[in-house]
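One structure below.
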There are 2 protein chains.
Amino acid sequence: MALDHAILVSLLEKPGSGYELARRFDRSIGYFWTATHQQIYRVLKRMEREGWVTAREVAQRGRPDKRHYAVSEAGRAALSAWLHEPIEPESVRHDLAVKIRGAAFGDRTALLREVERYRQVHAARLAHYLAGEERDFTGPGAPGRQDAMGELQHVVLRGGIAYERMTLAWLDDVLATLHRIS
Amino acid sequence: MALDHAILVSLLEKPGSGYELARRFDRSIGYFWTATHQQIYRVLKRMEREGWVTAREVAQRGRPDKRHYAVSEAGRAALSAWLHEPIEPESVRHDLAVKIRGAAFGDRTALLREVERYRQVHAARLAHYLAGEERDFTGPGAPGRQDAMGELQHVVLRGGIAYERMTLAWLDDVLATLHRIS
DNA sequence: ATCCTCTATGCAACTCGTTTCATAGGCAAG
DNA sequence: CTTGCCTATGAAACGAGTTGCATAGAGGAT
């Protein structure tokens with residue numbers, strides 16, 4: 001149950017409302033942790049009850065009021081404790097791998113189209129990551145070498161980039177294999 | 001909800017009991033789809049009701065009876081239909097990535113130990129995959145070039161190998177980064 | 001003798017995550 | 001002037017997945 005901690009990290013990097021968090025989970029954080037606004041609102045309420053975050057109502061003109069959240073000392077302590085816990089093995093679920101093995105018993109050309117579409121998605125994602133890296137971690141505006149937060153964000157992004165490159169190479173392997181056996 | 005289809009594929013590759021399936025989900029299939037025996041038994045029952053699989057009671061000596069499952073024509077059709085459906089984007093959840101970004105606000109040496117342990121797990125997994133490849137896909141007993149099932153199983157395994165290699169390289173990057181900022 | 005593990009299946013309770021619906025004002029496009 | 005999107009939050013229901021417990025005989029270890 002690391003959603004709690006993902007939210008804590010995001011709020012530590014920058015406090016904000018549930019809505020703002022939900023948007024971050026569609027972008028930067030969402031690269032390695034997905035969550036809907038429903039989940040986020042529910043978890044924020046629970047964490048507020050437990051005293052991990054504090055909320056502040058912010059009235060706005062022309063817009064609905066919002067609840068601005070920040071991490072409390074108890075929240076920091078909870079995150080720190082979690083960092084010491086061993087990582088439980090992540091449960092893997094790759095639809096595409098199931099489909100590939102399933103293609104031995106079904107329509108292989110249908111899979112081929114799917115793989116090509118899938119490849120485009122990952123190519124776009126790689127381009128997106130690279131643009132983000134260019135924007136945030138190179139050039140004059142880049143964080144300094146001693147900026148721990150920036151360095152850690154960057155190494156996670158590099159992980160995403162490596163993953164996408166690996167995936168693209170593998171998908172080419174899959175396409176070549178599908179062509180070979182047909 | 002691809003667990004149904006993962007079970008169908010596994011049963012098409014080789015029919016068997018729920019218990020046998022559960023063991024496969026601890027090995028080959030488990031490389032890209034995890035499932036507990038509870039889930040498997042439940043889904044098998046449901047698929048039997050829906051007519052996707054047929055069951056046959058097998059009495060055994062010195063062991064509990066078992067229910068041997070095989071995929072029906074309706075099950076094959078359901079799998080084929082699923083192969084034509086577009087793959088929905090997989091929801092990503094990387095505890096380690098959350099922890100790495102969380103390390104900006106907590107104990108970095110604790111994370112370092114965790115990453116090293118994590119690295120060992122992935123090194124072992126890579127060795128395991130490579131041993132499986134050596135055993136099943138090289139040498140004289142290897143499936144022929146025209147064996148679609150073997151070729152497709154192999155390309156999925158190559159994906160796992162590529163993933164582990166990429167992960168190991170990235171974890172080295174993470175370790176170097178952690179050392180650099182401390 | 002007793003404990004543990006393996007085979008083999010299943011119920012019940014629970015947690016986590018997704019989907020659908022609801023509210024409500026502002027703003028832009030057609 | 002109506003339709004739809006954006007901000008902002010939330011309830012309710014559902015579905016998927018996990019954990020704990022139960023049963024039960026065979027065989028091996030201590």
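By convention in this document, chain letters (A, B, ...) are assigned in the order of the sequence lines, proteins followed by strands, and residues within each chain are numbered from 1.
- Closest heavy-atom contact between B:Val155 and A:Trp170: O-NE1, 2.8 Å.
- A pairwise comparison of heavy atoms in B:Val98 and A:Val9 identifies O-CG2, 3.9 Å as the closest pair.
- Only one option out of B:Arg42, B:Arg46, B:Lys45 pairs with B:Asp4 in a salt bridge (Lys or Arg N to Asp or Glu O under 4.0 Å); it is B:Arg46.
- Residues A:His94 and B:Tyr163 have side chains that never bring a donor and an acceptor to within less than 3.5 angstrom of each other.
- Listed pair B:Tyr41 / C:dT9 meets the phosphate criterion, a side-chain N or O lying under 4.0 Å from OP1 or OP2.
- Judged purely by distance below 3.5 Å, without hydrogens or angles, the side chains of A:Ser10 and A:Arg24 pair a donor atom with an acceptor atom.
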Notebook entry, point to check: Can you give one letter per nucleotide of nucleotides 12-22 of chain C, going 5' to 3': B for a protein heavy atom under 4.0 Å from the base, S for sugar-phosphate only, - for none?
Noted result: ----SBBBB--
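- The phosphate of C:dT7 (OP1 or OP2) has a side-chain N or O of B:Arg23 nearer than 4.0 angstrom.
- A salt bridge is absent between B:Arg158 and B:Glu133: the closest approach of a Lys/Arg side-chain nitrogen to an acidic carboxylate oxygen does not fall below 4.0 angstrom.
- Applying the side chain to side chain donor-acceptor pair (under 3.5 Å) test to every pair with at least one member in residues 72-87 of chain A, sequence neighbours left out, gives these pairs: A:His84-B:Asp107.
- Take A:Asp172 and apply the side chain to side chain contact (heavy atoms under 4.5 Å, CB included) test, not counting sequence neighbours, and it matches A:Arg119, A:Leu175.
- In this structure, NZ of B:Lys45 is placed 10 Å from P of C:dT9, rounded to the nearest angstrom.
- Here the range on DNA chain D touched by chain B, meaning any atom under 4.0 Å from one of its heavy atoms, is D:dA16 to D:dA26.
- Applying the side chain to side chain donor-acceptor pair (under 3.5 Å) criterion to A:Glu57, with sequence neighbours excluded, gives A:Arg67.
- Residues from residues 48-67 of chain B lying near DNA chain C, meaning a heavy-atom separation below 4.0 Å, are B:Gln60, B:Arg63, B:Pro64, B:Asp65, B:Lys66, B:Arg67 in numerical order.
- Rounded to the nearest 0.5 angstrom, A:Leu111 CG and A:Glu114 CD are separated by 7.5 Å.
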